[in-house]
Amino acid sequence: MSGGVGPTGCDISLPKEQEVEHKEQQDHSLKNLHKPHITSPRKAAGFLSFRQLNCLAVVIVLSASGMVSAEDFAFVVFSIIYMYFISKVAFPTLHPSSREPTVFNPQNKLLRLYVFIGAIIGLYAPIAYILEGIFEGDKEGIKAAAPHVFLLASQVFMEGVAFSDGFSSPIRAFVPVFYNSRRIFTIVDWLRNEIYKIHEEHSGSHRRIYAGRALAVANMAFWCFNLFGFLLPVYLPKVFKLYYTGHKEKE
């Protein structure tokens, strides 16, 4: 998930590899104090983490199951094309020889807790909800929750792509903001479905109905705060300040 903490941010992706990456950047900076600057060729793109590969598997399964609309699938395809387009036209990387530093320290415990909570609320709990719905025959609940899970899993995967391919920090920030904005609309549809499905034939037990409502409300609250309380007012200004400061230094 992301806001700029992990591969791109703070939504859901904060793999442990980031801590190693952060330490390597610090060590590299200390070494540069005693050595002349030598421009080296850019490193090859890194591999995706196990978490991002799992999210890719979720995306494939949901797509193959027919629970994903053509609009959501087209949104993901468009995000890939647009991300590469603006990375060439508007926000090229400033450090071709190395990855740009992350905005926040990946070892920040509070931030790690925030990411973990987001993963539980946004990904793991809805996946469990969908799996339980298969056994209870709650077709409406599965259909309503699937778009959010599909888009969030796609977001985590795209964050890994943006980081491993060495995109600039504004591009890495683009992914969580773009996807979070879209997912709010899918969560609204999910919540509306949970409220009005009580009298429908394939709605599951009463316990499941209340659990679905609570999960939809929790996701609405968390991701609205993530977008309007963290990504836009806190994370994006830091990203652009870091990027344009580096741009001036480069000039």
List the steps and the verdict of side-chain hydrogen bond (donor to acceptor under 3.5 Å, both in side chains) for Asp72 and Ser69. CA-CA 5 Å; Asp72 289 333; Ser69 66; 3.2 Å; yes

Atom pair CD1/CG of Ile121 and Asn226 - distance to nearest 0.5 Å: 10.5 Å

Find out whether Phe174 and Phe167 are in side-chain contact, i.e. whether some heavy atom of one side chain is under 4.5 Å from a heavy atom of the other. no

Check: Asn219 side chain, Ile187 main-chain N or O, donor-acceptor pair, under 3.5 Å: no

Determine whether Thr245 and Lys241 make a side-chain contact, defined as any pair of heavy atoms from C-beta on separated by less than 4.5 Å. yes

Taking the side chain as every heavy atom from C-beta outward, state whether Tyr114 and Phe222 have any pair of such atoms under 4.5 Å apart. yes

Within the structure provided, determine whether Val76 and Phe150 are in side-chain contact (heavy-atom separation under 4.5 Å). yes

State, yes or no, whether a side-chain contact exists between Leu123 and Cys55 at a heavy-atom distance under 4.5 Å. yes

Between Glu136 and Arg207, is there a salt bridge with N-O shorter than 4.0 Å? yes

Same apolar cluster (I L V M F W Y, side chains within < 4.5 Å links), Phe228/Phe185: no

For atom CZ of Phe178, decide whether the heavy atoms of other residues, nucleotides or ligands shown that lie under 6.0 angstrom number more than 12. yes

Let me know which of Ile142, Val68, Val59, Val58 forms a side-chain contact (heavy atoms from CB on, under 4.5 Å) with Val149. Val58

State yes or no: do Ile134 and Met67 share one hydrophobic cluster built from I, L, V, M, F, W and Y residues joined by side-chain heavy-atom distances below 4.5 Å, directly or via other members? yes

Heavy atoms only: give me the nearest Leu231-Pro237 pair and the separation to one decimal. O-CD, 4.5 Å

Value rounded to 0.5 Å, distance of CE in Met220 from NE2 in His148: 10.0 Å

Measure the spacing between NZ of Lys143 and CG of Asn193 and express it to the nearest 0.5 Å. 8.5 Å

Pro92 and Ser168: which non-hydrogen atoms are nearest, and at how many Å? O-CB, 3.7 Å

Connected-component partners of Leu215 among ILVMFWY, side-chain separation under 4.5 Å: Tyr129, Trp190

Drop me the distance from Ile130's CD1 to Asp138's CG, to the nearest 0.5 angstrom. 10.5 Å

According to the interplanar angle, ranging from 0 to 90°, do the rings of Phe240 and Phe91 count as parallel (below 30°), tilted (30 to 60°) or perpendicular (above 60°)? tilted

To the closest 0.5 Å, what do you measure between CZ (Arg51) and CG (Leu53)? 11.5 Å

Could you tell me whether the side chain of Met83 reaches within less than 4.5 Å of the side chain of Val161, counting heavy atoms only? yes

According to a hydrophobic-cluster definition based on side-chain heavy atoms being under 4.5 Å apart (Ile, Leu, Val, Met, Phe, Trp, Tyr only), do Ile184 and Phe225 belong together? yes

Is it possible for you to say whether Ile209 and Phe135 belong to one hydrophobic cluster, with membership spreading through side-chain heavy-atom contacts below 4.5 Å? no

Option passing side-chain contact (heavy atoms from CB on, under 4.5 Å) with Arg183 (candidates Val188, Leu152, Leu227): Leu152

Quick check against the 3.5 Å criterion: does Arg213 have a side-chain atom that pairs as donor or acceptor with the backbone of Ile195? yes

Cluster question for you: counting only ILVMFWY and a side-chain heavy-atom cut-off of under 4.5 Å, with indirect links fine, are Leu110 and Ile117 together? no

Rounded at 0.5 Å granularity, tell me how far CD1 in Ile171 sits from OH in Tyr243. 7.5 Å

With Ser79, which residues qualify under side chain to side chain donor-acceptor pair (under 3.5 Å), at least two apart? Tyr179

